[in-house]
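Reviewing the structure listed below.
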Protein chains: 2
Amino acid sequence: MDNQENKSKEQLILAAAEQEFLTKGYDGARTISIAKASGVTHAMLHYYFRTKEQLFERIVDEKFATMSSSMFAIMGDPLLPIVERIKGGIAAHFDFVAANPLLPRFVINEIVSRPERYEVLYKRAGIVLNSVYNGLQAEIDRAAERGEIERVDVKMLFISIMSLNIFTFVAYPFMEPIMGELMADRERFLAARKAENIETILRRIKKQ
Amino acid sequence: MDNQENKSKEQLILAAAEQEFLTKGYDGARTISIAKASGVTHAMLHYYFRTKEQLFERIVDEKFATMSSSMFAIMGDPLLPIVERIKGGIAAHFDFVAANPLLPRFVINEIVSRPERYEVLYKRAGIVLNSVYNGLQAEIDRAAERGEIERVDVKMLFISIMSLNIFTFVAYPFMEPIMGELMADRERFLAARKAENIETILRRIKKQ
DNA sequence: TTTTGCATTAACAATCTTGTTAAACAAAAT
DNA sequence: ATTTTGTTTAACAAGATTGTTAATGCAAAA
């Protein structure tokens, strides 16, 4: 037992479940369609994961972890000078979201539809992030005092970066048809968008 | 027949349906729970709207119209000088989204889950918006030639404005618990955020 | 070889959800 | 007064979806 075949079967179900849940959400997902997509019988899915709920939680846990690590990407490389650091942070975060384009919508939908469930998880994440922000805020304040950049609130800056980067992907299907040629070539558009987001944020912190 | 009582009953169902669909989406919504919320029997809901699908479409139509008019708000007042116009456009759009905070997530989710359904609607909207953009782009180009502002792509600017304004509300439940005191007072935070978004965009177009 | 324990299947049970229908009802029109 | 028209209710039908179970297979351990 517990051989490669088993592992692989469980993995197959998880992979199919991830796809199904990320695109259709909990309510839209069908266990039978997950089973079909992973090539196992419907009963097998329940044998491995007992309930749809439990299968879903496996996916949610992983996705929440991925999501929070994406937020640390914005921090950038602490060894670089502050402007370079922020520049690299934006780019890293953008690439992260580009590699997981379905993630933000999924996480946001999940939190909106069952907020109580994540309260505990959240309070903790909030505390961790807060101390991390404080460090960066201190560095920004020092740079501002040296006259290198404008004095800004790091949390506000983070929200702006996330807004610009995430919205690009969350709203892509919404905007693609109404933006004409600008978005016709996806790769080209994403590269332009990434540069635009960096430019927008750098101008925000530039000393005037 | 067709008296006030009837009108009011249909309206009650529509109001409850709007709330249910906007918060839970099509799959998560239950006709029986809409009926309960509006104080009519389950059969009555079907009597008035035949199917869940038809009831949903009534809501979708209205919401899509609201959404597209929100996009025109970004245009601002054509009589003002360009910088003031953009400033006013951002503020108007922000207020619009603030008044309909559930709208963007609903529209995006709907488009992602059933894209084919909105293709036609979309191609038309795209054409309209395109010509509108062109007008504004021309004005921006003239102002840039006079050296008043930086030369920018108006579509990119629009995406940035939408990103900053919409993400604030879409991700509010996600960020509220991890941003600590910054978001503790909602009114205060939204006012600060609105100012921050305007500042960010104005700096983006400022001549350096 | 027999036993043990997990894996697998097929059939089924229970519940939920949408949607229908027939009958009762109310109000207005004839 | 009776017919007509639209409203409301209760009961039910149909189908989908999740989850269970009993029987069987199969591979390793004893």
Side-chain angles (χ1 to χ4, degrees), chain A residues 1-63 106 109-110 113-114 117, chain B residues 1-63 106 109-110 112-114 116-117:
Chain A
M1 302 97 224
D2 213 6
N3 53 23
Q4 302 91 323
E5 288 294 323
N6 280 332
K7 264 259 160 70
S8 143
K9 204 153 257 187
E10 196 174 315
Q11 233 81 53
L12 281 174
I13 296 174
L14 279 171
E18 177 177 325
Q19 173 67 14
E20 178 92 355
F21 283 131
L22 279 181
T23 54
K24 304 187 186 171
Y26 181 81
D27 293 312
R30 294 288 106 103
T31 58
I32 203 171
S33 125
I34 294 172
K36 207 167 283 175
S38 43
V40 304
T41 66
H42 171 50
M44 280 307 295
L45 184 147
H46 284 285
Y47 174 73
Y48 278 114
F49 297 96
R50 206 64 182 173
T51 66
K52 178 184 182 181
E53 189 76 22
Q54 275 179 51
L55 176 56
F56 182 66
E57 254 162 46
R58 284 283 291 268
I59 307 296
V60 164
D61 286 350
E62 190 208 316
K63 291 304 148 192
F106 174 78
N109 280 336
E110 187 48 27
S113 56
R114 323 189 194 190
R117 206 162 159 180
Chain B
M1 303 97 222
D2 213 5
N3 51 24
Q4 302 92 322
E5 287 296 322
N6 282 332
K7 265 259 162 71
S8 144
K9 206 153 256 186
E10 196 172 315
Q11 232 80 50
L12 281 173
I13 296 174
L14 280 171
E18 178 177 324
Q19 174 67 15
E20 178 92 355
F21 283 131
L22 280 181
T23 53
K24 305 187 185 171
Y26 182 82
D27 293 313
R30 294 289 107 102
T31 58
I32 203 172
S33 122
I34 294 172
K36 206 166 285 177
S38 43
V40 304
T41 67
H42 171 51
M44 279 307 294
L45 184 148
H46 285 284
Y47 173 73
Y48 278 113
F49 296 97
R50 206 66 184 173
T51 67
K52 178 184 182 181
E53 189 77 21
Q54 274 179 53
L55 176 54
F56 182 67
E57 253 161 49
R58 283 282 291 269
I59 306 295
V60 164
D61 286 350
E62 190 208 316
K63 292 302 147 192
F106 174 78
N109 280 336
E110 187 49 26
V112 169
S113 56
R114 324 191 194 189
E116 68 289 350
R117 204 162 160 182

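To find a chain, count down the sequence lines: A is the first, B the second, and so on, and within it residues start at 1.
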Separation of [N] [atom2] from [X] [atom1] (nearest whole Å):
| X | N | atom1 | atom2 | answer |
| --- | --- | --- | --- | --- |
| A:Leu55 | D:dT17 | CG | C1' | 15 Å |
| B:Met44 | D:dT8 | CE | P | 4 Å |
| B:Lys36 | C:dT17 | NZ | C1' | 13 Å |
| B:Arg30 | C:dT15 | CZ | P | 17 Å |
| B:His46 | D:dA11 | NE2 | P | 17 Å |
| B:Lys24 | C:dT17 | NZ | C1' | 14 Å |
| A:Leu45 | D:dT20 | CG | C1' | 14 Å |
| B:Asp27 | D:dT18 | CG | P | 11 Å |

Taking the side chain of [X] as heavy atoms from C-beta outward, which of [options] is closest to it?
| X | options | result |
| --- | --- | --- |
| B:Tyr47 | D:dT20, C:dT20, D:dT8 | D:dT8 |
| A:His42 | D:dT18, C:dT17, C:dG19 | D:dT18 |
| B:Thr31 | C:dT18, C:dA7, D:dT20 | C:dT18 |

With a 4.5 Å heavy-atom cut-off, do [X] and [Y] have their side chains touching?
| X | Y | value |
| --- | --- | --- |
| A:Phe21 | A:Lys52 | yes |
| B:Val60 | B:Tyr26 | no |
| A:Lys63 | A:Glu110 | no |
| B:Leu55 | B:Thr31 | no |

**OP:** Would you mind classifying the nucleic acid contact of B:Ala29 as base, sugar-phosphate or nothing, using non-hydrogen atoms under 4.0 angstrom?
**Re:**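 Sugar-phosphate only.
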**OP:** With DNA chain D as reference, determine whether B:Ala43 or A:Thr51 sits nearer its 5' end, using the nearest nucleotide of each.
**Re:**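 Per heavy-atom nearest nucleotide, the more 5' residue is B:Ala43.
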Original post:
Can you check whether A:Thr41 has a side-chain N or O nearer than 4.0 Å to OP1 or OP2 of C:dT8?
Top reply: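 For C:dT8, OP1/OP2 do not have a side-chain N/O of A:Thr41 under 4.0 Å.
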Subject >> Under-4.0 Å salt bridge between A:Glu20 and A:Lys36 >> reply: no
